[in-house]
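Nothing here was measured: the structure is a model prediction, and the numbers come from that model. Order of appearance sets the numbers: ligands from 1, and atoms from 1 within every ligand.
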Amino acid sequence: MAVGGVTLLGHGRLGSAITEGWRLTGTVMDPAILTRAVPPVCPADTRALVIALKPAVWREALAPMAATLPSGATVVSVMAGVRAADIAVVLPGHPVVRVMPTTAVALGQGVAAIWSDDAPARALAHLLFAPIADTVDLGQEALIDAATAVAGSAPAFFYALAQALTVAGADAGLSPDAAARLARGALRSAGAGAATTASLDDLIGRIASPGGTTQAGLQALQDAGIEMTGRAAVQAAIRRAKSLVRDQSA
Ligand SMILES: NC(=O)c1ccc[n+]([C@@H]2O[C@H](COP(=O)([O-])OP(=O)(O)OC[C@H]3O[C@@H](n4cnc5c(N)ncnc54)[C@H](OP(=O)(O)O)[C@@H]3O)[C@@H](O)[C@H]2O)c1
């Protein structure tokens, strides 16, 4: 059954991906969408206010509508780098739940980390996101930064690896176009495997036979420090998220 009383503030890349996913899955059929073009007034039946603004503008955007948020409404923030305590200062008395989804929610195939210290708020977030994402509960708010790095940012990391493979393929004699199409195709194949319930070890094992060509490539990745590279990317993204939190709180 569709969830009612949902208002969305900010309808950019992530906000529109969320509404597409809701429409596709019938989760929320008619969310009220507050953009810059409409008066900043929350509908009186708002049960959940989903904030999908850029961290740099959220305070100024929320200020004019804060007084119109009905008491009892839950705030669902999908913003990276904005702490629940800071939102609670602007919207006092409202439970806050933080959700960190990927834009694949548009296809009902996202992943979303969820944190709140308020159990009903967490349950409401599950109601809104479980139909469009694999929902992962976090035990502490601070882990949102790690989840953002490992899920939110990581699609770009996989694209970057596909770009590196494209360059390597061209170096090995493929035309740039052929190399790019082959690397993208490989990324799609990997995504299809990831969409199943098979473990990552099993997925690798299905492709890499002992002593074969894939095994040789995997060994080269290990030798070149793939684990260190993954750790460096995740730690850099976490450091940046923490510095954004400091900027927001200043
Ligand atoms: N994109 C992702 O993959 C992703 C993933 C996880 C989390 N997030 C988080 O999601 C949030 C939004 O990111 P995004 O990529 O969707 O950014 P975006 O595309 O720039 O969307 C932000 C939207 O907010 C609107 N906006 C700005 N001021 C407003 C106001 N006063 N009233 C109503 N709407 C207003 C913007 O409208 P204008 O275009 O008119 O300025 C824009 O449509 C960020 O906090 C980000 O950390 C994004």
Q: Answer with yes or no whether the hydrophobic clustering places Val97 together with Val136; edges join I, L, V, M, F, W, Y residues whose side-chain heavy atoms lie under 4.5 Å apart.
A: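 They do not share one cluster, since no chain of ILVMFWY contacts under 4.5 Å joins Val97 to Val136.
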Q.
Do the side chains of Arg181 and Asp177 get close enough for a salt bridge, i.e. N-O under 4.0 angstrom?
A.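 Salt bridge flag = yes for Asp177 with Arg181.
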Q) Between Arg98 and Glu141, is there a salt bridge with N-O shorter than 4.0 Å? A)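 Result for this pair is yes, salt bridge flagged.
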Q. Is any heavy atom of the protein nearer than 4.0 Å to atom 19 (O) of ligand 1?
A.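 At least one protein heavy atom is under 4.0 Å away.
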Proximity to ligand 1 by part of [X], non-hydrogen separation under 4.0 Å:
X: Ala52; result: backbone
X: Glu60; result: neither
X: Leu34; result: backbone
X: Thr103; result: side chain

I need the nearest protein heavy-atom contact for [atom]: residue, atom name and distance, please.
atom: atom 13 (O) of ligand 1; value: Lys54 NZ, 4.2 Å
atom: atom 37 (O) of ligand 1; value: Arg36 NH2, 4.0 Å
atom: atom 6 (C) of ligand 1; value: Pro101 O, 3.2 Å
atom: atom 21 (O) of ligand 1; value: Gly12 CA, 3.2 Å
atom: atom 46 (C) of ligand 1; value: Ala80 N, 4.1 Å
atom: atom 31 (N) of ligand 1; value: Ala61 CB, 3.3 Å

Show me the side-chain donor-acceptor pairs of residues 29-50 shorter than 3.5 Å, one per line, residues at least two apart or across chains.
residue, atom, partner, partner atom, Å
Thr35, OG1, Ala37, N, 3.2
Thr46, OG1, Thr7, OG1, 2.8
Thr46, OG1, Pro43, O, 2.7

Which ligand 1 atoms does [X] reach within 4.0 Å, using its non-hydrogen atoms?
X: Val78; result: 7 (C), 8 (N), 9 (C), 10 (O)
X: Met100; result: 6 (C), 7 (C)
X: Pro55; result: 44 (C), 45 (O)

Q.
Which option wins on minimum heavy-atom distance to atom 8 (N) of ligand 1: Leu53, Leu14, Val99?
A.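 Among Leu53, Leu14, Val99, the closest heavy atom to atom 8 (N) of ligand 1 comes from Leu14.
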Q) Would you say ligand 1 has an N or O under 3.5 Å from any N or O of Val57? A)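 Looking only at distances, the answer is no, because the N/O contact criterion of under 3.5 Å is not met.
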(Q) If I apply the N/O under 3.5 Å rule, does Met79 come out as touching ligand 1? (A)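 No, there is no polar N/O contact under 3.5 Å.
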Can you find a pair of side-chain heavy atoms, one from [X] and one from [Y], that are under 4.5 Å apart?
X: Val105; Y: Trp22; result: no
X: Phe158; Y: Leu187; result: yes
X: Val76; Y: Val6; result: no

Q: Check Ile87 against Ser77 and note the closest heavy-atom contact, atom names and distance.
A: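 Shortest heavy-atom contact: CD1-CB, 3.5 Å.
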Q: For Pro101 and Phe129, work out which heavy atoms get closest and say how close.
A: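 Distance-wise, the nearest heavy atoms are CG-CE2, 4.0 Å.
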Q | Identified side chain to side chain contact (heavy atoms under 4.5 Å, CB included) partner of Thr135 from the options Leu128, Leu127, Ile114 | A |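 That would be Ile114; it is the only one of Leu128, Leu127, Ile114 passing the side chain to side chain contact (heavy atoms under 4.5 Å, CB included) with Thr135.
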Q: Please go through Phe157's hydrophobic cluster and name the other residues, only I, L, V, M, F, W, Y counting, with side-chain heavy atoms under 4.5 Å joining them.
A: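 Members alongside Phe157: none; it stands by itself.
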